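Down below is the structure, laid out as structure tokens.
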2 protein chains.
Amino acid sequence: MQNSKPLKLGKQVKFSKPSKLAEETANAAREAGNCICFKVRKTARLISQSYDRALKPHGLNTNQFSILALIGATPEPQSLTDTARVLGMDRTTLTRNLRLLDKAGLTKTLVDAQDARTRRLALTDKGWAVLAAALPSWRGVQGQTLAAMGPESWPDLRQQLDHLGRATTMTG
Amino acid sequence: MQNSKPLKLGKQVKFSKPSKLAEETANAAREAGNCICFKVRKTARLISQSYDRALKPHGLNTNQFSILALIGATPEPQSLTDTARVLGMDRTTLTRNLRLLDKAGLTKTLVDAQDARTRRLALTDKGWAVLAAALPSWRGVQGQTLAAMGPESWPDLRQQLDHLGRATTMTG
DNA sequence: ACTGCATATGTGTATATACACTCTTTAAGT
DNA sequence: ACTTAAAGAGTGTATATACACATATGCAGT
């Protein structure tokens with residue numbers, strides 16, 4: 001097909017000898033393999049796949065499950081902004097994530113009576129049902145993951161992640 | 001504007017008394033606040049913003065920087081699949097990420113001489129230059145983040161993240 | 001009531017992410 | 001050589017993510 005038109009080279013691909021800049025940069029770049037951000041993102045990518053698979057039978061991914069669980073966990077419907085803050089998610093990202101959940105009939109977005117600006121988030125009956133049905137599946141992966149990583153190390157890891165999140169929020 | 005048509009309620013938003021199912025589910029949902037996947041994803045979201053801001057002057061985000069650094073760190077150009085594996089990223093995701101870097105003239109995708117199926121990834125001269133220029137900025141955020149989290153705890157956290165990633169790859 | 005600022009939210013746009021599926025090329029077996 | 005399975009890569013589609021910007025509402029001071 002060759003749509004992307006990779007460079008066609010001759011019989012043997014020739015790699016020009018790296019320049020001095022390239023050599024020094026290559027050494028420095030290896031240092032970046034220790035990047036905190038990269039490591040966290042990579043882990044997030046990998047672990048998300050397990051959770052997504054586990055929740056798939058319920059029509060949810062791990063992100064949607066987290067949102068449902070948070071909304072369901074708070075006694076009184078919280079505002080969109082506050083919810084986004086707890087999720088550590090940009091407000092506008094939550095807006096878009098909610099659109100799907102609303103469309104699926106799992107959540108409802110209510111206008112606050114006191115302040116017409118604020119939207120309060122709640123689960124529908126269907127949302128409660130789906131969340132209830134998904135919880136055992138979540139407990140399954142969570143248990144497997146815990147077992148695989150060694151359950152005793154989770155409290156520590158959890159605290160470090162919290163710390164890291166808070167630190168970066170400060171540092172900007 | 002009111003495009004999204006939130007439910008308009010009366011004077012006071014009424015929240016119907018939660019059903020028995022909802023009550024039980026709410027308790028269970030609070031348990032999900034301890035979700036490993038959620039915590040890792042949340043941290044990834046938060047920390048990414050710092051790194052993105054730091055790298056922005058170079059026209060890179062943290063993901064693009066990681067890709068450039070990895071390609072630059074390996075002596076011989078590696079295949080797309082192998083690179084994706086090291087990044088802990090779906091192969092097709094890397095394909096799309098590379099499209100932007102290719103278009104920006106930072107990377108080049110070469111056809112392997114021995115196997116016409118295989119694409120090998122390399123940096124262009126411009127790619128080397130941008131990477132070299134971005135590295136100090138990266139060292140900046142990395143240092144700040146390290147300092148904020150307590151540098152001594154990073155090796156441990158790093159190992160736990162690696163372990164977690166490997167565990168989930170196994171578990172499925 | 002009016003003005004101006006702060007707050008809560010939504011939109012446009014660009015990038016990241018992965019699954020299901022398809023295409024191409026290689027290798028293995030006959 | 002022919003057939004077929006396996007490996008490498010790309011595309012269609014859906015979702016996640018955040019920044020810059022726009023809009024709507026509330027509130028305080030006049």
Side-chain angles (χ1 to χ4, degrees), chain A residues 1-6 37-38 41-42 44-53 55-56 59-67 78-85 87-104 109-121, chain B residues 1-6 37-38 41-42 44-53 55-56 59-67 78-85 87-104 109-121:
Chain A
M1 197 181 310
Q2 206 92 339
N3 265 347
S4 58
K5 302 198 195 85
C37 187
F38 166 62
R41 285 175 64 91
K42 175 177 173 178
R45 283 192 290 264
L46 293 174
I47 193 175
S48 292
Q49 294 181 43
S50 306
Y51 280 73
D52 281 350
R53 265 195 294 277
L55 294 167
K56 188 167 189 179
L60 298 175
N61 60 29
T62 184
N63 186 53
Q64 296 166 334
F65 173 81
S66 295
I67 296 174
Q78 302 296 306
S79 76
L80 193 150
T81 296
D82 288 346
T83 305
R85 198 182 343 264
L87 289 169
M89 185 181 288
D90 190 273
R91 179 184 53 76
T92 66
T93 301
L94 180 56
T95 296
R96 260 111 187 195
N97 289 165
L98 277 172
R99 188 165 305 182
L100 295 172
L101 295 172
D102 273 7
K103 188 175 294 185
T109 302
L110 312 165
V111 178
D112 185 273
Q114 270 68 45
D115 189 336
R117 291 171 303 179
T118 68
R119 305 278 184 274
R120 296 195 172 272
L121 312 178
Chain B
M1 196 183 311
Q2 205 94 340
N3 266 348
S4 58
K5 301 198 196 87
C37 186
F38 166 61
R41 286 175 64 93
K42 175 177 173 179
R45 282 192 292 263
L46 292 174
I47 194 175
S48 293
Q49 295 181 43
S50 306
Y51 280 73
D52 281 349
R53 265 195 295 277
L55 295 168
K56 188 167 189 178
L60 297 176
N61 60 31
T62 184
N63 186 54
Q64 295 166 335
F65 172 81
S66 296
I67 296 173
Q78 301 298 306
S79 76
L80 195 152
T81 296
D82 288 346
T83 304
R85 200 182 339 266
L87 290 168
M89 185 181 288
D90 189 273
R91 178 185 52 77
T92 65
T93 301
L94 180 55
T95 295
R96 259 112 187 197
N97 289 165
L98 278 172
R99 187 165 306 181
L100 296 172
L101 295 172
D102 273 6
K103 189 175 294 184
T109 302
L110 313 166
V111 178
D112 185 273
Q114 271 67 46
D115 189 336
R117 293 172 301 179
T118 315
R119 303 281 183 272
R120 296 196 172 272
L121 311 178

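Naming convention: chains lettered A, B, ... in sequence-line order (proteins, then strands); numbering from 1 in each chain. Please read all numbers here as calculations on a predicted model, not as lab measurements.
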| field | Short side-chain N/O contact from A/R96 to OP1 or OP2 of D/dA18, under 4.0 Å | value | no
| request: Tell me whether the OP1 or OP2 atom of D/dA20 has a side-chain N or O from B/K56 closer than 4.0 Å. | output: yes
| task | Take atom CZ of A/R41 and atom P of D/dA16, then tell me their distance rounded to the nearest Å. | result | 15 Å
| Among B/D112, B/T109, B/T83, whose side-chain hydrogen bond (donor to acceptor under 3.5 Å, both in side chains) with B/R120 holds? | B/D112
| remark: Value for OG (A/S50) from CG (A/L55), rounded to nearest 0.5 Å, stands at 10.5 Å
| task | Check whether any side-chain heavy atom of A/L121 sits under 4.5 Å from a side-chain heavy atom of A/I67, and report yes or no. | result | no
| request: Looking only at non-hydrogen atoms, find the nearest pair between A/G59 and A/Q64 and report the distance. | output: O-OE1, 3.8 Å
| request: Check every atom of D/dC19, C/dC19, C/dA16 against the side chain of A/R53 and return the nucleotide holding the closest atom. | output: C/dC19
| message | Is the phosphate of D/dT15 approached by A/N97 (side-chain N or O, under 4.0 Å from OP1 or OP2)? | response | no
| task | Send over the distance from B/K42 NZ to D/dA16 C1', rounded to a whole Å. | result | 17 Å
| request: Answer yes or no: is there a side-chain heavy-atom contact under 4.5 Å between B/R119 and B/L98? | output: no
| query | Under 4.0 Å: is that the gap between some side-chain N or O of A/T93 and OP1 or OP2 of D/dA16? | reply | no
| Any side-chain N or O of A/N63 under 4.0 Å from OP1/OP2 of D/dA16? | yes
| message | How many whole angstroms separate atom CD of B/Q64 from atom C1' of D/dT17? | response | 14 Å
| message | Restricting to salt bridge (charged side-chain N to carboxylate O under 4.0 Å, His left out), what partner residues turn up for A/R85, sequence neighbours left out? | response | A/D82
| Pick the nucleotide of DNA chain C nearest each of A/L46 and A/D82; which residue has the one closer to the 5' end? | A/D82
| query | What does B/D52 touch in the nucleic acid at a heavy-atom separation under 4.0 angstrom: a base, only the sugar-phosphate, or nothing? | reply | nothing
| A/Q114 side chain N/O closer than 4.0 Å to the phosphate oxygens (OP1, OP2) of D/dT25? | no
Report each atom pair, protein N/O against N/O of nucleotides 6-8 of chain D, whose distance is under 3.5 angstrom.
| unit_1 | atom_1 | unit_2 | atom_2 | d |
| --- | --- | --- | --- | --- |
| D/dA7 | N3 | B/R117 | NH1 | 3.1 |

| said: Would you say B/T95 places a side-chain N or O within less than 4.0 Å of OP1 or OP2 belonging to D/dA9? | reply: no
| query | Is the distance from OP1 or OP2 of D/dA18 to the nearest side-chain N or O of B/Q49 less than 4.0 Å? | reply | yes
| field | Distance below 4.0 Å between A/R99 side-chain N/O and D/dA16 OP1 or OP2 | value | no
| Nearest-nucleotide pick for B/D90, side chain only, options being C/dT25, D/dT17, C/dA18 | C/dA18
| query | Judged by atom type as modelled, is there a donor-acceptor pair below 3.5 Å linking the side chain of B/R45 to the main-chain atoms of A/L87? | reply | yes
| task | Return the value, rounded to whole Å, for the distance between atom CZ of A/F38 and atom C1' of C/dA16. | result | 14 Å
